[in-house]
Chemist: 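Take a look at this one; I'll ask things after.
Model, not experiment: these values are computed from the prediction. For reference, positions follow the sequence shown, starting with 1.
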Amino acid sequence: MSLADAARLVRENAYVPYSRFKVGAALRAASGAVYVGCNVENVAYPEGTCAEAGAIAAMVAAGETEIAEAYVIADSPLPVAPCGGCRQKLAEFARGEVRVVLATLDGLEQEMTVAGLLPGAFGPEHMDRA
(Lines give C-alpha, C1' and ligand atoms only; values in the text may rest on other atoms or scores of the structure.)
Protein backbone atom coordinates (compact mmCIF):
# COMPACT_ATOMS: atom_id res chain seq x y z
CA MET A 1 0.00 0.00 0.00
CA SER A 2 1.30 3.47 -0.82
CA LEU A 3 1.93 6.04 1.90
CA ALA A 4 -0.78 8.21 0.35
CA ASP A 5 -3.34 5.39 0.59
CA ALA A 6 -2.29 4.48 4.13
CA ALA A 7 -2.55 8.11 5.31
CA ARG A 8 -5.90 8.61 3.58
CA LEU A 9 -7.29 5.44 5.18
CA VAL A 10 -6.11 6.12 8.73
CA ARG A 11 -7.37 9.72 8.49
CA GLU A 12 -10.90 8.33 8.53
CA ASN A 13 -10.25 6.97 12.05
CA ALA A 14 -9.36 10.39 13.50
CA TYR A 15 -11.21 11.30 16.67
CA VAL A 16 -12.09 14.97 16.13
CA PRO A 17 -15.43 15.78 17.79
CA TYR A 18 -14.36 19.38 18.50
CA SER A 19 -12.53 20.65 15.43
CA ARG A 20 -13.93 18.15 12.91
CA PHE A 21 -10.51 18.46 11.19
CA LYS A 22 -9.23 14.97 10.42
CA VAL A 23 -5.55 14.43 9.70
CA GLY A 24 -3.79 11.21 8.70
CA ALA A 25 -0.07 10.48 8.60
CA ALA A 26 1.92 7.56 7.25
CA LEU A 27 5.63 6.96 7.71
CA ARG A 28 7.88 4.54 5.93
CA ALA A 29 10.62 3.36 8.26
CA ALA A 30 14.11 2.47 7.10
CA SER A 31 13.03 -1.20 7.11
CA GLY A 32 10.28 -0.45 4.58
CA ALA A 33 7.49 -0.99 7.11
CA VAL A 34 4.68 1.57 7.13
CA TYR A 35 3.31 3.09 10.34
CA VAL A 36 0.21 5.26 10.53
CA GLY A 37 -1.39 7.72 12.90
CA CYS A 38 -4.40 10.01 13.06
CA ASN A 39 -5.16 12.99 15.24
CA VAL A 40 -6.97 12.27 18.49
CA GLU A 41 -8.59 15.25 20.21
CA ASN A 42 -9.43 15.72 23.84
CA VAL A 43 -11.84 18.26 25.30
CA ALA A 44 -8.79 19.68 27.10
CA TYR A 45 -7.28 20.80 23.78
CA PRO A 46 -3.55 20.64 24.61
CA GLU A 47 -3.98 17.01 25.63
CA GLY A 48 -4.78 15.72 22.13
CA THR A 49 -2.24 14.07 19.85
CA CYS A 50 -1.32 14.84 16.27
CA ALA A 51 -1.38 12.31 13.45
CA GLU A 52 2.39 12.56 12.96
CA ALA A 53 3.06 11.96 16.66
CA GLY A 54 0.80 8.90 16.60
CA ALA A 55 2.60 7.42 13.60
CA ILE A 56 5.98 8.07 15.19
CA ALA A 57 4.83 6.44 18.44
CA ALA A 58 3.63 3.37 16.51
CA MET A 59 7.00 3.15 14.72
CA VAL A 60 8.99 3.40 17.95
CA ALA A 61 6.67 0.93 19.70
CA ALA A 62 7.48 -1.53 16.90
CA GLY A 63 11.18 -1.10 17.63
CA GLU A 64 12.15 1.22 14.77
CA THR A 65 13.70 4.66 15.05
CA GLU A 66 14.42 5.88 11.52
CA ILE A 67 11.92 7.55 9.19
CA ALA A 68 12.70 7.17 5.49
CA GLU A 69 9.65 9.05 4.14
CA ALA A 70 6.48 10.72 5.47
CA TYR A 71 3.05 11.63 4.09
CA VAL A 72 0.45 13.84 5.80
CA ILE A 73 -3.09 14.42 4.50
CA ALA A 74 -5.96 16.65 5.61
CA ASP A 75 -9.23 17.96 4.20
CA SER A 76 -8.05 21.48 3.53
CA PRO A 77 -7.88 23.73 0.45
CA LEU A 78 -4.07 23.74 0.75
CA PRO A 79 -1.66 21.12 2.10
CA VAL A 80 -1.28 21.41 5.88
CA ALA A 81 2.20 21.35 7.36
CA PRO A 82 2.85 19.60 10.68
CA CYS A 83 2.71 21.74 13.81
CA GLY A 84 5.99 22.91 15.35
CA GLY A 85 6.11 20.08 17.85
CA CYS A 86 5.61 17.46 15.16
CA ARG A 87 8.26 19.07 12.98
CA GLN A 88 10.70 18.59 15.86
CA LYS A 89 9.48 15.01 16.35
CA LEU A 90 10.04 14.27 12.65
CA ALA A 91 13.53 15.81 12.90
CA GLU A 92 14.31 13.48 15.83
CA PHE A 93 13.78 10.38 13.68
CA ALA A 94 14.54 11.54 10.12
CA ARG A 95 17.59 13.01 8.44
CA GLY A 96 17.19 16.49 6.95
CA GLU A 97 16.90 15.25 3.37
CA VAL A 98 13.98 12.89 4.13
CA ARG A 99 10.99 13.61 1.90
CA VAL A 100 7.73 14.77 3.47
CA VAL A 101 4.64 15.03 1.28
CA LEU A 102 1.81 17.25 2.47
CA ALA A 103 -1.51 16.57 0.73
CA THR A 104 -5.18 17.45 0.47
CA LEU A 105 -8.09 15.10 -0.16
CA ASP A 106 -8.47 16.77 -3.56
CA GLY A 107 -5.06 15.52 -4.65
CA LEU A 108 -2.97 18.66 -4.21
CA GLU A 109 0.50 17.71 -2.95
CA GLN A 110 3.46 19.72 -1.73
CA GLU A 111 6.80 17.97 -1.33
CA MET A 112 9.30 19.19 1.23
CA THR A 113 12.19 17.83 3.25
CA VAL A 114 12.44 17.59 7.01
CA ALA A 115 15.11 20.31 6.90
CA GLY A 116 12.76 22.49 4.84
CA LEU A 117 10.01 22.04 7.43
CA LEU A 118 12.30 22.87 10.33
CA PRO A 119 15.33 24.90 9.35
CA GLY A 120 17.83 25.23 12.18
CA ALA A 121 16.34 22.25 14.02
CA PHE A 122 17.53 21.58 17.56
CA GLY A 123 19.40 18.29 17.51
CA PRO A 124 21.73 16.02 19.45
CA GLU A 125 24.71 18.10 18.32
CA HIS A 126 23.37 20.93 20.52
CA MET A 127 23.52 18.82 23.68
CA ASP A 128 26.51 19.09 25.97
CA ARG A 129 27.93 15.57 25.96
CA ALA A 130 31.01 16.38 28.04
Side-chain angles (χ1 to χ4, degrees):
M1 176 180 295
S2 73
L3 286 185
D5 290 340
R8 186 178 290 268
L9 260 163
V10 74
R11 182 192 158 277
E12 291 303 319
N13 294 337
Y15 177 76
V16 292
Y18 309 106
S19 72
R20 307 252 191 277
F21 190 76
K22 294 181 175 187
V23 180
L27 309 173
R28 186 174 319 284
S31 69
V34 173
Y35 299 95
V36 297
C38 58
N39 54 328
V40 179
E41 292 180 347
N42 186 294
V43 70
Y45 266 96
E47 299 305 316
T49 56
C50 298
E52 302 89 338
I56 290 168
M59 178 187 75
V60 172
E64 299 208 54
T65 57
E66 186 179 347
I67 298 170
E69 186 179 6
Y71 194 99
V72 180
I73 190 167
D75 187 11
S76 177
L78 298 171
V80 176
C83 72
C86 285
R87 291 175 193 214
Q88 185 66 48
K89 288 174 182 76
L90 288 165
E92 181 72 18
F93 297 100
R95 292 185 306 277
E97 68 274 8
V98 166
R99 181 173 88 119
V100 179
V101 177
L102 311 173
T104 68
L105 292 181
D106 293 333
L108 185 60
E109 292 185 344
Q110 178 181 4
E111 187 173 318
M112 303 188 75
T113 63
V114 170
L117 281 172
L118 189 62
F122 182 78
E125 64 277 5
H126 294 103
M127 301 295 289
D128 179 13
R129 303 256 173 158

Chemist: Any donor-acceptor pair under 3.5 Å linking the side chain of Glu41 with the backbone of Tyr18?
Modeler: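 Looks like yes, one N/O pair under 3.5 Å.
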
Chemist: Apply side chain to side chain contact (heavy atoms under 4.5 Å, CB included) to the pair Ile56 and Ile67, showing each step before the final yes or no.
Modeler: CA-CA 8 Å; Ile56 290 168; Ile67 298 170; 4.0 Å; yes

Chemist: Under the rule for ring pair (Phe, Tyr, Trp, His ring centres under 6.0 Å), what residues qualify as partners of Tyr15, not counting sequence neighbours?
Modeler: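 Partners of Tyr15 under the ring pair (Phe, Tyr, Trp, His ring centres under 6.0 Å) test: none.
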
Chemist: Taking the basic N atoms (NZ, or NE/NH1/NH2) and the acidic carboxylate oxygens, is any pair closer than 4.0 Å for Arg95 and Glu66?
Modeler: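 Yes, charged N to carboxylate O under 4.0 Å.
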
Chemist: If we ignore hydrogens and angles and just use 3.5 Å, is the side chain of Asn39 paired with the main-chain N or O of Phe21 as donor and acceptor?
Modeler: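 Yes: the side chain of Asn39 pairs with the backbone of Phe21.
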
Chemist: Is Val16 linked to Val40 within one hydrophobic cluster, defined over Ile, Leu, Val, Met, Phe, Trp and Tyr using a side-chain heavy-atom separation of less than 4.5 Å?
Modeler: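 Different hydrophobic clusters.
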
Chemist: How close do Ala121 and Ala91 get, counting heavy atoms only, and between which atoms?
Modeler: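 That would be CB-CB, 4.2 Å.
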
Chemist: Might you point out which heavy atoms bring Pro82 and Leu117 nearest each other, and give the distance in Å?
Modeler: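 Heavy-atom minimum between the residues: CD-CD2, 4.0 Å.
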
Chemist: State, yes or no, whether a side-chain contact exists between Arg11 and Leu105 at a heavy-atom distance under 4.5 Å.
Modeler: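 The answer is yes, as the side chains (C-beta and beyond) meet within the 4.5 Å cut-off.
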
Chemist: Closest heavy-atom contact between Cys83 and Cys50?
Modeler: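 Closest pair (atom of Cys83, atom of Cys50, distance): SG-SG, 3.9 Å.
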
Chemist: Between Val34 and Ala6, which heavy-atom pair has the shortest distance, and what is it?
Modeler: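 Heavy-atom minimum between the residues: CG1-CB, 4.1 Å.
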
Chemist: Kindly work out whether a path of hydrophobic side-chain contacts (I/L/V/M/F/W/Y, heavy atoms less than 4.5 Å apart) joins Met112 to Leu3.
Modeler: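 The answer is no; the residues belong to distinct hydrophobic clusters.
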
Chemist: Got a second to check how far Glu92's CD is from Cys86's SG, nearest 0.5 Å?
Modeler: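 Reported to 0.5 Å precision, the distance equals 13.0 Å.
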
Chemist: Considering only heavy atoms from C-beta outward, does the side chain of Pro77 approach that of Thr104 to under 4.5 Å?
Modeler: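 When only atoms from C-beta onward are counted, Thr104 and Pro77 do not touch, as no gap falls below 4.5 Å.
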
Chemist: Donor-acceptor pairs under 3.5 angstrom involving side-chain atoms of residues 57-65: please list them, not counting sequence neighbours.
Modeler:
| unit_1 | atom_1 | unit_2 | atom_2 | d |
| --- | --- | --- | --- | --- |
| Glu64 | OE1 | Ser31 | OG | 2.9 |
| Glu64 | OE2 | Ser31 | OG | 2.7 |
| Glu64 | OE2 | Tyr35 | OH | 2.7 |

Chemist: Quick one: do Val98 and Leu90 satisfy side chain to side chain contact (heavy atoms under 4.5 Å, CB included)? Show the steps, please.
Modeler: CA-CA 9 Å; Val98 166; Leu90 288 165; over 6 Å; no

Chemist: Do you reckon Leu102 sits in the same ILVMFWY cluster as Val80, going by side-chain contacts under 4.5 Å, direct or chained?
Modeler: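 In one cluster with Leu102: Val80, yes.
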
Chemist: When clusters are formed by joining ILVMFWY residues with side-chain heavy atoms under 4.5 Å apart, either directly or through shared neighbours, do Val100 and Leu118 land in the same one?
Modeler: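 No, Val100 and Leu118 fall in different hydrophobic clusters.
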
Chemist: Identify the heavy atoms of Pro79 and Ala103 that sit nearest to each other, and give their distance.
Modeler: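 Closest pair (atom of Pro79, atom of Ala103, distance): CB-N, 4.1 Å.
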
Chemist: Nearest 0.5 Å, please: how far is OH in Tyr71 from CZ in Arg28?
Modeler: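 One finds 12.5 Å between CZ of Arg28 and OH of Tyr71.
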
Chemist: Does Val114 belong to the same Ile/Leu/Val/Met/Phe/Trp/Tyr cluster as Val23, with side-chain heavy atoms less than 4.5 Å apart forming each link?
Modeler: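 Linked, Val114 and Val23 end up in one cluster.
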
Chemist: Kindly state each residue pair satisfying salt bridge (Lys or Arg N to Asp or Glu O under 4.0 Å) with at least one member in residues 104-118, sequence neighbours excluded.
Modeler: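 Pairs touching residues 104-118 that pass the test: Arg99-Glu111.
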
Chemist: Considering non-hydrogen atoms only, spot the tightest contact between Lys89 and Phe93 and give its length.
Modeler: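 Heavy atoms of Lys89 and Phe93 come nearest at O-CD1, 3.3 Å.
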
Chemist: Please round to the nearest 0.5 Å and tell me the distance separating atom CG of Leu9 and atom CD1 of Ile73.
Modeler: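 Spacing of CG (Leu9) from CD1 (Ile73) equals 10.0 Å.
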
